[in-house]
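This report concerns only the one structure given below.
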Amino acid sequence: MSEKEEVARSVEVSVAFHGERCIHSRNCVIDRPDVFVPNVKGEWIHPDRATADEVLEIAHNCPSGAIQCSRSDGSALEQAPVVNTVRVRENGPLAFRGELTVAGEAKGMRATLCRCGLSQRKPYCDSSHVAAGFEATGEPATEPSEALATRNGPLNVAPQRNGPLHVTGNVEIISGTGRTMDRVTDAYLCRCGHSSHKPFCDGTHAKIGFQAP
């Protein structure tokens with residue numbers, strides 16, 4: 001999926017906004033309405049009103065990765081996390097945090113991927129779960145797991161055609177309240193919305209004729 005991007009720069013920092021990935025968590029406009037000015041025509045991102053560290057904090061609070069930031073010279077500002085995670089949102093998407101590659105493309109450090117099966121922007125969430133009344137716990141049972149020898153590093157998400165998300169790399173699967181429910185290096189996560197073993201795939205996508213690229 002090609003992404004449109006808006007870019008705003010200050011002396012210190014460059015902010016890129018990817019509207020097609022935004023799930024409207026509104027953390028940006030609630031935390032810093034002077035930097036991200038809602039409901040205006042024209043320019044609405046003003047990184048010059050904050051320091052580079054403050055802009056980075058805003059980016060960290062954006063679960064979808066719609067907000068990306070770098071130094072104005074193009075060098076990295078945001079660093080990869082020490083622990084890769086997938087957070088299972090109550091009745092909502094899977095929120096990834098790590099050095100991400102999604103469908104073969106580098107996607108920064110954050111992304112929210114659909115698990116209801118209804119998004120029109122698969123594999124990304126577009127909040128269709130809200131209108132559909134999707135129900136899926138954010139507190140799955142804890143699975144027996146061993147501590148990972150390495151907890152960070154590249155994290156690859158490969159959407160399987162008409163099937164689940166194949167996740168490879170070191171990652172901890174976290175409940176909505178922050179409980180580590182599993183630790184994996186290779187897993188298939190449900191994105192059809194109908195698995196009986198969410199967030200993991202149980203093959204139900206084949207039975208219901210789920211379709212997705």
Side-chain angles (χ1 to χ4, degrees), residues 18 21 23 25 27 53 56-70 75-117 119 122-125 129 136-161 163-205 212:
H18 304 266
R21 292 174 63 177
I23 61 170
S25 65
N27 289 337
D53 286 343
L56 180 58
E57 182 177 0
I58 296 169
H60 283 163
N61 287 335
C62 175
S64 67
I67 297 171
Q68 304 280 337
C69 60
S70 60
S75 61
L77 180 59
E78 184 172 6
Q79 302 300 312
V82 176
V83 180
N84 293 337
T85 58
V86 180
R87 190 173 293 269
V88 182
R89 302 289 186 185
E90 182 78 16
N91 302 329
L94 298 167
F96 286 76
R97 180 91 165 86
E99 189 180 346
L100 286 169
T101 298
V102 179
E105 296 184 16
K107 292 297 181 181
M109 307 299 172
R110 287 156 285 109
T112 47
L113 303 187
C114 175
R115 72 170 179 138
C116 73
S119 173
K122 296 181 184 71
Y124 298 98
C125 172
H129 59 275
T137 183
E139 298 296 325
T142 299
E143 301 282 346
S145 64
E146 298 291 333
L148 298 174
T150 303
R151 304 174 76 189
N152 57 4
L155 188 58
N156 183 63
V157 183
Q160 305 298 287
R161 185 171 183 81
L165 300 171
H166 184 200
V167 180
T168 53
N170 305 310
V171 64
E172 301 189 11
I173 302 176
I174 309 297
S175 76
T177 57
R179 170 175 50 86
T180 297
M181 53 155 291
D182 207 350
R183 303 169 180 88
V184 299
T185 57
D186 192 315
Y188 289 87
L189 302 182
C190 175
R191 65 170 179 148
C192 75
H194 293 277
S195 172
S196 296
H197 189 42
K198 298 182 185 70
F200 300 102
C201 172
D202 68 356
T204 300
H205 58 273

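Just so it is clear, the structure is predicted and the values come from calculations on it, not from any experiment. Values below: all heavy atoms of this structure, side chains included; hydrogens, waters and symmetry mates excluded.
- Side-chain atoms of R21 never come within 3.5 Å of backbone atoms of Y124 as a donor-acceptor pair (strictly under, hydrogens ignored).
- The shortest side-chain heavy-atom distance between V102 and P123 falls under the 4.5 Å cut-off.
- Without hydrogens or angle criteria, R191 side chain to G163 main chain gives a donor-acceptor distance under 3.5 Å.
- Between E139 and S175, some side-chain heavy-atom pair lies under the 4.5 Å cut-off.
- Side chain of R115 to backbone of K198: no donor-acceptor contact under 3.5 angstrom is found.
- Side-chain contact between H18 and K107 is absent, with no heavy atoms from C-beta onward closer than 4.5 Å.
- Proximity of S25 to S64: side-chain heavy atoms (C-beta onward) are nowhere separated by under 4.5 Å.
- Of the possible polar contacts, one joining the N84 side chain to the G153 backbone as a donor-acceptor pair under 3.5 Å is found.
- No side-chain heavy atom of N152 sits less than 4.5 Å from a side-chain heavy atom of E99.
- Counting all heavy atoms, side chain and backbone alike, F200 lies closest to A187 at CE2-CB, 4.3 Å.
- Looking at D186, its side chain never comes within 3.5 Å of a backbone N or O of T168 through a donor-acceptor pair.
- A distance-only check finds no donor-acceptor pair linking the side chain of R151 to the backbone of N170 [under 3.5 Å].
- Side chain of N61 to main chain of N27: no donor-acceptor pair is present (N/O by atom type, distance under 3.5 Å, no hydrogens or angles).
- Smallest separation of non-hydrogen atoms from A141 and R179: C-NH1, 4.0 Å.
- Taking CG of L77 as the start and SG of C69 as the end, the distance is 4.5 Å to the nearest 0.5 Å.
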Report task. Kindly indicate, with the supporting measurements, whether the criterion side-chain contact (heavy atoms from CB on, under 4.5 Å) is fulfilled by H60 and R97. Result -> CA-CA 10 Å; H60 283 163; R97 180 91 165 86; 3.8 Å; yes
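- Heavy atoms only, all atoms of each residue included: P81 and G98 are closest at CG-CA, 3.7 Å.
- Looking only at side-chain heavy atoms (C-beta outward), I23 and P63 come within less than 4.5 Å of each other.
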Next on the checklist: Working note: L113 + L165, criterion side-chain contact (heavy atoms from CB on, under 4.5 Å); need CA distance, chi angles, decisive distance, verdict.
Outcome noted: CA-CA 9 Å; L113 303 187; L165 300 171; 4.0 Å; yes
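- Closest approach of Q160 to A158, counting heavy atoms only: NE2-O, 2.9 Å.
- Separating the SG atom in C62 from the CD atom in Q68 is a distance of 8.0 Å, to the nearest 0.5 Å.
- Taking NE2 of H129 as the reference point, atom CG of N91 lies at 8.0 Å (rounded to 0.5 Å).
- Of the inter-residue distances, the one linking I58 atom CD1 with D53 atom CG reads 11.5 Å to the nearest 0.5 angstrom.
- Note that CZ of R87 is 14.0 Å distant from CZ of R110, once rounded to the nearest 0.5 Å.
- The number of heavy-atom neighbours closer than 6.0 Å to CD of E143, taken from other residues, nucleotides and ligands shown, is above 12.
- Once rounded to the nearest 0.5 Å, the distance linking CZ of R89 with SG of C116 reads 15.0 Å.
- Of all heavy-atom pairs between M109 and Q79, the closest is CE-C, 4.1 Å.
- Nearest heavy atoms, D202 versus S196: OD2-N, 2.8 Å.
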_Candidate pair L94 and T112, rule side-chain contact (heavy atoms from CB on, under 4.5 Å), full reasoning_ = CA-CA 5 Å; L94 298 167; T112 47; over 6 Å; no
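- The side-chain heavy atoms of L189 and I173, taken from C-beta on, include a pair separated by under 4.5 Å.
- For CZ of R183, the number of neighbouring non-hydrogen atoms (other residues, nucleotides, ligands) closer than 6.0 Å is greater than 12.
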